[in-house]
Peer 1: 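Sharing a structure, written as structure tokens. Questions coming.
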Amino acid sequence: MAKPLEGLKVIDLTTALSGPFCTMMLADYGADVIKIEAPAGDQSRHWAPVHKASGESEYFAVFNRNKRDVCINLKDPEGVALFYDLVKEADILVENYRGGVTKKLSIDYESVKAVNPSIIYASLTGFGQTGPYAQHPCYDIVAQAMSGLMMLSGYPGQEPIKACPSIIDQVSGIYMMNGILLALHHRERTGEGQFVDVAMLDSAFSLMENYPSLVSMGHDAPERSGNRDASISPFDAFPCKDGYVVISAGTEKLWKAFCQTAGLEELLDDPRYADNQSRTDHYLSSLKEQITNWCMQRTKTEIETLLEDAGVPSSAVLTISESVRHPQILARDMVQKTEHPLIGEFETTGCVVKLSETPGEIKTPAPLLGQDNREILGLSEEEEQRLIEKGVLGKR
């Protein structure tokens, strides 16, 4: 069955995580993604962990499935000419170079648009195309720090903690995919291509929930609160006999259900816990201890079972090994096997968006560097070798 993005050709100039995560999703849903790498390869080809037998980066293998690969030196005029031969037939170009680099390479939006006016040119950078930081370098941790997100993560009185894994890279990739789909819809109606500008800092700042608004309304800047929600109680992680559980009773109905299920009905009559604001005001001074004492007498499974039957949102805090075998994760096909020609078989995350008629699919593993040079560029073996020796192309 045809995929929703089948027939679209994507030129993928991205490296590291944010851009490849976006183009991986485009490929999962049917787009023909042609990854163009420099002779040194995508920087993530050199990131740990490295497969001992083959030397291939296992990190790279996870985020570049379903793509084809050519290795072109875009600093060489002949390489740039090969690039533009591909651009002429492309629908979408995605890049995440640092600001100003595409202009130096003569592969910026205006140059590409002159060759292909209907192209959707998507740029994912640390700080976007405008503003005083437009040409500054960025990684996930930088965006977390500058957005305020990192200052809110961790426990009171302790150092700020970045969220792990690199959620800003991945959220930025999701925003970029949304922007591309919006631009595609506009092009279907008008025939016009356009420039899509996504910044990692913007993406991180957008995740700050209502905190920026609270400050503008005159409230004190929020402080780190660990796993506790600053405005809902109880909403926290609690130690139990064999680990930790999270309990989130975010409404009066859920609070009542929790107390009745836990045998803590006396809390319902305590004026300190009469409503959510009161519970939040007295959470650290008394309520947290009472819930912790109840949890410490039970196992994760006992607590989960009790609260599940009562309809109270809760979960054991799982290890990665436990989460990849969780029945709900497995039922949603979020763990899938793939076979890499050098690394071998491994499990990876599945496609998040479930489409009833045109679902996403993992069809091919991450490509080897330059493995599709001849097919994509229409070269003979001799011509490919000549260009490799000249430094125009590269290959593993």
Peer 1: If you count heavy atoms of other groups shown closer than 6.0 angstrom to CE of M151, is the number above 12?
Peer 2: no
Peer 1: Could you give the distance from CG (L86) to NZ (K9), rounded to the nearest 0.5 Å?
Peer 2: 7.0 Å
Peer 1: Compile the donor-acceptor pairs under 3.5 Å between side chains in residues 93-106 and protein atoms, sequence neighbours left out, one pair per line.
Peer 2:
from: E95; atom 1: OE1; to: Y97; atom 2: N; distance (Å): 2.8
from: E95; atom 1: OE2; to: S123; atom 2: OG; distance (Å): 2.7
from: N96; atom 1: OD1; to: T15; atom 2: N; distance (Å): 2.9
from: N96; atom 1: ND2; to: T15; atom 2: O; distance (Å): 2.8
from: R98; atom 1: NE; to: Q135; atom 2: O; distance (Å): 3.2

Peer 1: Between the side chain of H186 and the main-chain N/O of G191, is any donor-acceptor distance below 3.5 Å?
Peer 2: no
Peer 1: Is the closest side-chain donor-acceptor distance between H326 and S323 under 3.5 Å?
Peer 2: no
Peer 1: Kindly say whether K300 contributes a backbone atom to a donor-acceptor pair with the side chain of D242 at under 3.5 angstrom?
Peer 2: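 Pair found, side chain donor or acceptor close to backbone of K300.
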Peer 1: Whether D32 and K67 form a salt bridge (side-chain N of Lys/Arg under 4.0 Å from carboxylate O of Asp/Glu) is what I want to check.
Peer 2: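 Answer for the salt bridge query: no.
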Peer 1: Charged N to carboxylate O below 4.0 Å: is that the case for R187 and D91?
Peer 2: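 Salt bridge present between R187 and D91.
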Peer 1: Mind listing the closest non-hydrogen atom pair of Q336 and C351 along with its distance?
Peer 2: NE2-N, 4.3 Å
Peer 1: Looking at every heavy atom in both T251 and R279, which two are closest together, and how far apart are they?
Peer 2: O-NH2, 4.5 Å
Peer 1: Shortest non-hydrogen contact from G128 to A199?
Peer 2: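 Heavy-atom minimum between the residues: N-CB, 3.3 Å.
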Peer 1: So with a 6.0 Å cut-off around CD of E339, is the heavy-atom count from everything else above 12?
Peer 2: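 Yes, because the 6.0 Å sphere around CD of E339 holds more than 12 heavy atoms from other groups.
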Peer 1: Of all the heavy-atom pairs spanning D140 and I168, show the shortest one and how long it is.
Peer 2: OD2-N, 2.8 Å
Peer 1: Taking R374 as the fixed residue, which of E383, E382, E384 is the one that meets the salt bridge (Lys or Arg N to Asp or Glu O under 4.0 Å) rule?
Peer 2: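 Of all the options given, the one that passes is E384.
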Peer 1: Within the distance-only criterion (no hydrogens, no angle test), does the side chain of N66 pair as donor or acceptor with the backbone N or O of K363 below 3.5 angstrom?
Peer 2: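 Yes, the answer is positive, given that a donor and an acceptor are paired below the 3.5 Å cut-off.
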Peer 1: May I have the list of side-chain donor-acceptor pairs in residues 226-233 shorter than 3.5 Å, sequence neighbours left out?
Peer 2:
from: N227; atom 1: ND2; to: Y155; atom 2: OH; distance (Å): 2.8
from: D229; atom 1: OD1; to: S231; atom 2: N; distance (Å): 2.8
from: D229; atom 1: OD1; to: S231; atom 2: OG; distance (Å): 2.9
from: D229; atom 1: OD1; to: I232; atom 2: N; distance (Å): 3.1
from: S233; atom 1: OG; to: T280; atom 2: OG1; distance (Å): 3.2

Peer 1: Answer yes if I329 and F346 sit in the same cluster of Ile, Leu, Val, Met, Phe, Trp and Tyr residues linked by side chain heavy atoms under 4.5 Å apart, and no otherwise.
Peer 2: no
Peer 1: Does a donor on one side chain sit under 3.5 Å from an acceptor on the other, for Q385 and E389?
Peer 2: yes
Peer 1: Can you check whether C71's main-chain N or O pairs, donor with acceptor, with N373's side chain at less than 3.5 Å?
Peer 2: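 Checked: pair present.
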Peer 1: If we ignore hydrogens and angles and just use 3.5 Å, is the side chain of E289 paired with the main-chain N or O of S285 as donor and acceptor?
Peer 2: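 Pair absent, no side-chain N/O of E289 close to backbone of S285.
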Peer 1: Tell me, yes or no, whether the heavy-atom count around R396 atom CZ, taken from other residues, nucleotides or ligands under 6.0 Å, exceeds 12.
Peer 2: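 Enclosed: over 12 neighbouring heavy atoms sit under 6.0 Å from CZ of R396.
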Peer 1: I92 and side chain to side chain contact (heavy atoms under 4.5 Å, CB included): which single residue from L184, I119, I11 fits?
Peer 2: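 That would be L184; it is the only one of L184, I119, I11 passing the side chain to side chain contact (heavy atoms under 4.5 Å, CB included) with I92.
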Peer 1: Can you tell me if Y121 and D108 form a side-chain donor-acceptor pair at under 3.5 Å?
Peer 2: no
Peer 1: Take the angle between the ring planes of F195 and Y109 and call it parallel below 30°, perpendicular above 60°, tilted in between.
Peer 2: tilted
Peer 1: Is it true that, when you exclude E223 itself, more than 12 heavy atoms of the residues, nucleotides or ligands shown sit nearer than 6.0 Å to its CD?
Peer 2: no
Peer 1: Just wondering, more than 12 heavy atoms not from E6 lying within 6.0 Å of its CD?
Peer 2: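 Count over threshold, so yes.
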Peer 1: Between the side chain of Q144 and the main-chain N/O of L201, is any donor-acceptor distance below 3.5 Å?
Peer 2: no
Peer 1: What are the two closest non-hydrogen atoms of S44 and S57, and how far apart are they?
Peer 2: O-OG, 2.9 Å
Peer 1: Please step through salt bridge (charged side-chain N to carboxylate O under 4.0 Å, His left out) for the pair E375 and R68, ending with a clear verdict.
Peer 2: CA-CA 10 Å; E375 177 188 356; R68 299 194 289 162; 3.1 Å; yes
Peer 1: Closest heavy-atom contact between A16 and D42?
Peer 2: N-OD1, 2.9 Å
Peer 1: Can you tell me if CG on D220 sees more than 12 non-hydrogen neighbours from other groups inside 6.0 Å?
Peer 2: no
Peer 1: Measure from the side-chain N and O atoms of Y29 to the backbone N and O of V353, and report whether any donor-acceptor pair falls under 3.5 Å.
Peer 2: yes
Peer 1: Check whether any side-chain N or O of T305 sits under 3.5 Å from a backbone N or O of E302 as a donor-acceptor pair, and report yes or no.
Peer 2: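 Looks like no, no N/O pair under 3.5 Å.
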Peer 1: For the pair R45 and E37, find out whether any cationic side-chain nitrogen is under 4.0 Å from an anionic carboxylate oxygen.
Peer 2: yes
Peer 1: Evaluate ring-ring contact (aromatic ring centres under 6.0 Å, His included) for F258 paired with W294, printing each intermediate quantity in order.
Peer 2: CA-CA 11 Å; F258 168 74; W294 179 80; 5.7 Å; yes
Peer 1: Cluster question for you: counting only ILVMFWY and a side-chain heavy-atom cut-off of under 4.5 Å, with indirect links fine, are L287 and I303 together?
Peer 2: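 Yes; tracing contacts between hydrophobic side chains, which count when under 4.5 Å, links both residues.
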Peer 1: Are I343 and V335 linked, directly or through other ILVMFWY residues, by side chains that come within less than 4.5 angstrom of each other?
Peer 2: no
Peer 1: Hey, is E110 close enough to K113 for a salt bridge, meaning N to O under 4.0 Å?
Peer 2: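 Salt bridge: no.
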Peer 1: Checking R325 now: which residues fulfil side-chain hydrogen bond (donor to acceptor under 3.5 Å, both in side chains) with it, not counting sequence neighbours?
Peer 2: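 Residues passing side-chain hydrogen bond (donor to acceptor under 3.5 Å, both in side chains) with R325: E347.
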